[in-house]
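Positions are given from 1, in the same order as the sequence printed here. Remember, it's 1-based here, ligands and their atoms both numbered in the order they're listed. A quick note: this is a predicted structure, and the numbers were derived from the prediction, not measured.
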Amino acid sequence: MAGAKGLVSGVIPFSSVDGPGNRFVLFLQGCNFDCIACHNPHTISPCNDCGLCAHVCPSGALSLEHGFVRWNDALCTSAELCIARCPYDATPKARWHTVDEIVADIRAHAPYLSGVTVSGGEATQQAAFVRALFEALRDDDTLGRLHRLVDSNGAAPQDVWDELADAMDGAAIDLKAFDDEVHRRMTGASNALVLRSIELLAARGSLHEVRLLLLPGVNDRLDDLARCGAWLHRVDPNLRVKVIGFRRHGVRPRAAQVDEPSAAEMGAYAEALRGIGLTNVELV
Ligand code: SF4
Ligand code: SF4
């Protein structure tokens with residue numbers, strides 16, 4: 001499966017915030033949610049080659065050829081005017097890459113890495129590619145030591161997690177809201193699959209952490225948070241729960257009016273969860 005291809009929106013060769021240690025992060029294009037608070041909204045949809053962005057590039061890196069938008073990375077200055085122009089939450093820079101190409105990129109940075117994280121978009125939307133990539137890393141003499149993490153919104157059925165089970169070391173799951181109505185308002189989808197994924201991964205010992213991104217006035221009611229904490233406690237009282245305060249940077253205009261939580265609010269969130277008995281609550 002080394003020839004398997006994935007639609008990649010970008011990579012970060014070194015990150016210390018996308019899992020344990022220093023990590024290579026691969027962002028896949030395409031997501032099954034449409035979150036109010038998405039910080040990578042250009043990764044949600046595939047490009048439809050409408051051409052609207054082709055003429056805004058100040059360095060001539062974009063062109064429209066035979067009905068397709070072409071991106072010349074040698075000319076790109078990352079001004080990102082194309083992404084700002086796109087009305088479809090896409091990017092003209094996403095490209096199909098083979099597993100071999102991504103492995104070669106990881107190998108070039110490997111001496112400084114402790115792991116690889118596949119994020120998005122939604123990583124599980126391209127599960128066959130993620131599996132093929134992780135298997136190639138796992139079975140490689142020098143890269144097999146790298147920890148392999150899936151960063152997911154959790155909206156994947158069991159057969160997807162079954163497909164990834166042997167190849168990944170763990171998954172970090174975002175739980176956008178415990179209340180299903182709030183979750184639907186925030187993401188456009190139910191949280192039923194997300195909750196099932198958390199239970200399944202925890203039972204298999206492959207749940208790296210659960211992340212709660214909290215937006216004041218949207219999903220931060222303390223009684224909801226306490227119910228969420230009680231449920232997570234039943235799943236695993238020692239589960240790592242990362243409480244992340246909403247930041248406006250990079251979000252779409254519809255989220256620009258949402259407040260960022262204060263230090264006092266963050267403290268109250270943590271207290272609501274620790275008060276339930278969760279032992280491993282981190283504030284970010
Ligand atoms: S799941 Fe992640 S990538 Fe998808 S819309 Fe939500 S925040 Fe954005
Ligand atoms: S990135 Fe967006 S604006 Fe540009 S061609 Fe694709 S869909 Fe159209």
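Counting heavy atoms under 4.0 Å from ligand 1, residue Asp174 does not touch it at all. When heavy-atom distances to ligand 2 are checked against a 4.0 Å cut-off, Thr91 comes that close only through its backbone atoms N, CA, C and O.
Taking distances strictly below 2.8 Å, the protein N/O/S atoms close to atom 8 (Fe) of ligand 2 are Cys50 SG.
The protein heavy-atom contact nearest to atom 6 (Fe) of ligand 1 is Cys35 SG, 2.3 Å. In terms of protein heavy-atom proximity, atom 8 (Fe) of ligand 1 is nearest to Cys38 SG, 2.3 Å.
Ring geometry for Phe246 versus His39: interplanar angle of 30 to 60°, hence tilted. Ring orientation note: the planes of Phe24 and His109 are tilted relative to one another, at an angle of 30° to 60°.
Linking Ile, Leu, Val, Met, Phe, Trp and Tyr residues whenever their side-chain heavy atoms come within less than 4.5 Å leaves Phe27 and Met168 in two separate clusters.
Salt bridge Asp100/Arg107: absent, no basic N to carboxylate O contact under 4.0 Å. A salt bridge is defined here as a Lys NZ or Arg NE, NH1 or NH2 lying under 4.0 Å from an Asp or Glu carboxylate O, and Arg227 with Asp223 fails to meet this definition. Note on Arg221 versus Asp179: no salt bridge recorded, every NZ/NE/NH1/NH2 to OD/OE distance being 4.0 Å or above.
Panel note: side chain Arg211, backbone Lys242; no donor-acceptor pair is recorded below 3.5 Å.
The six-membered or imidazole ring of His183 lies near that of Phe33, with a centre-to-centre distance under 6.0 Å.
For the ligand labelled ligand 1, residue Lys176 lies inside the 4.0 Å heavy-atom shell. Note on ligand 1: Asn40 sits outside its first shell, no heavy atom being nearer than 4.0 Å.
For Cys31, the nearest N, O or S atom to atom 4 (Fe) of ligand 1 falls under 2.8 Å.
The stretch residues 67-89 participates, sequence neighbours left out, in these salt bridge (Lys or Arg N to Asp or Glu O under 4.0 Å) pairs: Glu65-Arg70, Asp73-Arg95, Glu80-Lys93, Asp89-Arg252.
Ligand 1 places these atoms under 4.0 Å from at least one heavy atom of Ile44: 5 (S). Close contacts between ligand 1 and Gly121 involve ligand atoms 3 (S) [criterion: under 4.0 Å to a heavy atom].
For the pairing with Asp151, the side chain to side chain contact (heavy atoms under 4.5 Å, CB included) check across Leu26, Val118, Val25, Asp174 returns one residue only, Asp174.
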